[in-house]
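Structure first, then comments.
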There are 2 protein chains.
Amino acid sequence: MSVAVTIRDVARQAQVSVATVSRALTSPDLVRATTRERVLAVAADLGYQPNLAARGLITGKTGNIGIVVPDLNNPFFTGVLKGVQNQARLASHAVFVADSDEDPAAEEQLVRAMAKQVDGVILCSPGIDEQQVRELAESTTLVLLNRRMRGVPAALMNSGSGLRQVIDHLVALGHHRIAYLNGPRTSWSNKERRRGLRIAVQRHDVDLVDMGPFPPRYEGGLQAADLAMAENVTAIVAYNDIMALGVLARLRDRGVRVPDDVSLTGFDDLMFGALCQPPLTTVAMPVVPAGRLAVDLLLDRLANRDAEVRQDELDTQLIVRATTAPPA
Amino acid sequence: MSVAVTIRDVARQAQVSVATVSRALTSPDLVRATTRERVLAVAADLGYQPNLAARGLITGKTGNIGIVVPDLNNPFFTGVLKGVQNQARLASHAVFVADSDEDPAAEEQLVRAMAKQVDGVILCSPGIDEQQVRELAESTTLVLLNRRMRGVPAALMNSGSGLRQVIDHLVALGHHRIAYLNGPRTSWSNKERRRGLRIAVQRHDVDLVDMGPFPPRYEGGLQAADLAMAENVTAIVAYNDIMALGVLARLRDRGVRVPDDVSLTGFDDLMFGALCQPPLTTVAMPVVPAGRLAVDLLLDRLANRDAEVRQDELDTQLIVRATTAPPA
DNA sequence: ATGAAAGCGCTAACAT
DNA sequence: ATGTTAGCGCTTTCAT
């Protein structure tokens, strides 16, 4: 067990008051160099680690940040978490993580539970409604990730642009009739993608077949594949990679060749999209940078509460692999 | 920002002392029912949330647990994290997470940094040596996951048994000459798998070609594939799924058919093993249950420091899919 | 059954 | 430059 060496042990051993020890550690310029060195030496010798909870009690800062994600099994969110974790470490902050299991009620409760122990919370792709998010923002410093809302700082990825790049790519290849397989209608991500879609479609005058919504999973793709083929499209744009993989599997089973008979794109650039056969054309989401950005936004806000609310958007990028080709 | 309602606000409003409020919340039997209800009502009304840091300062318990993993991008560890997170929530504990980026030095430092803020730490697949782990175990309550060490509680998965099941399966199909593609020589997981391998091999009298080590990644598989084929084996047992996927890709490029020309197995049962073509025969590791188990072990240990050190092992299970068949 | 008071480990005035 | 003191919000004796 921890030997529980406190600031007093250090003070005694170094022959100074606890205040001096505290200062030597947190505001080194306030103590004479020789004293400081002696204190620091003793602290190191004793293996003294300040009790952050006690410190936080008085400073009002915990040095912790929290992150709430819908699902830790989703590589999208663990990518974000990785970025958050990296950047937090650079700023000497520890991170609390909670998984809401896609349950909005849990989401709300988890943020509240964290609030007391952290300086702020990063809320990823929240399923709760705007009103609830605003209430949470009252109880703690909040930064949103992958959702935009007036007045709340947010780390965003421009998925609209990603989808525009997809359509541009398909049109350049010569496609005119394209299916879009919707994800959940209510999700902010799906709305953003459709927005990009609408813009691109207007620009190019292509036939868009707007299908779904489908579950944003492998099974959703299996189901969508046949429906899309019945629409005589030459290209299928799936809501995300996993759905695209389901489409790919179903098409293969039916003997439909990709990309010879039909082109297919995903979204997210999860690792296995590069490893499947044929490798998937998709859009890379900068999830790790987004996690880092969210930490920066949070720390900025903590440092300067009156600054303007930042909502920064990171670029997405089309990754052309082997599931797209000119139509037959 | 948090409205900072403290126990004193509740006390004043409920016309009792802070001590009574404290008791109403933590030892309800010590206060009269009517008083308790009044206090609780006021607390709820004011939206009072006890400051856990302050509570921890006096009780010596934080209500937090920590977990340190080598890589948050690895689905294996996020599965564990998911289990940890679930179980911790059931026990009303929050979880700190840290990612060491496979760096042993960081691993050690992260555990130490966490130690003060948590009741105990779950250390996953540590890369540090036994001596260092023991030192860490001095500074906090430690539970290992995916590594066994005398005297330290551990949540384990029987990967030896998994590999035995793989060999039994291959032998039953009629294979006699089998390659094993080693992961990192120093890793506990690889040692365990080889142990299972040795036992199975002795029992069946098969020719084992022990190859590697290879990087436990896709690239490792690409590299290993040609070497394995040069050994004239009829089956390849990869250290893990990702490596197996690399092997699969390389074999396909060379025109070697799986499983017709050669059988192939992975290990871990990551999602994309089921989605690739052909779907991968592999061994399922109970990562989520292992995470839960680790939390149980930790809480048990916290509750009863003198109890015997538990090292529980969960069963692994062969998942037969389509990359294994009788040899040509 | 309840209250008063001490103190967990620390920082921040306020002294000197 | 350093020490003294008063809390931060809470639990827990010890009284009553």
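Just so it is clear: chains get the letters A, B, ... in the order the sequence lines come, proteins before strands, and each one is counted from 1. Everything numeric in this text was worked out from a predicted model, so none of it was measured.
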task: Give me the residues of residues 10-23 of chain A where at least one heavy atom lies under 4.0 Å from an atom of DNA chain C, by number, or none.
output: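 Within this stretch, A/Ala19, A/Ser22, A/Arg23 sit under 4.0 Å of the strand.
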- prompt: Between residues 58-66 of chain A and DNA chain C, which residues have a heavy-atom gap below 4.0 Å?
  reply: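 Contacting residues: A/Ile58, A/Thr59.
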message: Ignoring hydrogens and geometry beyond distance, is a side-chain donor-acceptor pair present between B/Asn146 and B/Ser189 at under 3.5 Å?
response: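 The answer is yes; a qualifying pair exists.
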field: DNA chain D: 5'-proximal contact among A/Thr35 and B/Leu52 (nearest heavy atom)
entry: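 Looking at DNA chain D, the more 5' nearest nucleotide goes with A/Thr35.
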message: Contact between B/Leu144 and B/Pro153 at the side-chain level, heavy atoms closer than 4.5 Å - yes or no?
response: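 No, too far: nothing below the 4.5 Å cut-off.
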message: Using side-chain heavy atoms (C-beta onward) and a distance below 4.5 Å, is A/Gln109 in contact with A/Glu107?
response: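 No, side chains not in contact.
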task: Send over the distance from B/Leu57 CG to C/dG7 C1', rounded to a whole Å.
output: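 Going from B/Leu57 (CG) to C/dG7 (C1'), I get 9 Å.
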Salt bridge (charged side-chain N to carboxylate O under 4.0 Å, His left out) assessment of A/Asp101 paired with B/Lys82: CA-CA 9 Å; A/Asp101 266 321; B/Lys82 179 119 188 168; 2.9 Å; yes
query: Quick check: does any side chain N or O of B/Gln13 sit under 3.5 Å from a backbone N or O of B/Arg8, one acting as donor and the other as acceptor?
result: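 A pair under 3.5 Å: no.
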query: Starting at the 5' end of DNA chain C, which residue's closest nucleotide do you reach first, B/Arg32 or B/Ala54?
result: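 Checking each residue's closest nucleotide, the 5'-ward one belongs to B/Arg32.
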- request: Start with the C-alpha distance between A/Arg310 and A/Asp296, add both sets of side-chain angles, then the distance that settles salt bridge (charged side-chain N to carboxylate O under 4.0 Å, His left out), and finish with yes or no.
  value: CA-CA 10 Å; A/Arg310 283 173 58 193; A/Asp296 287 342; over 6 Å; no
task: Grab the two heavy atoms, one from A/His93 and one from A/Asn64, that are nearest each other, plus how far apart they are.
output: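 For A/His93 and A/Asn64, the tightest heavy-atom pair comes out as ND1-N, 3.9 Å.
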- request: Start with the C-alpha gap between A/Glu138 and A/Arg134, add the side-chain angles, then the distance that decides, and say whether salt bridge (charged side-chain N to carboxylate O under 4.0 Å, His left out) holds.
  value: CA-CA 7 Å; A/Glu138 302 283 304; A/Arg134 292 199 188 286; over 6 Å; no
message: The side chain of B/Tyr48 is closest to which nucleotide in this list: D/dT11, D/dC10, D/dC8?
response: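 Side chain of B/Tyr48 sits closest to D/dC10.
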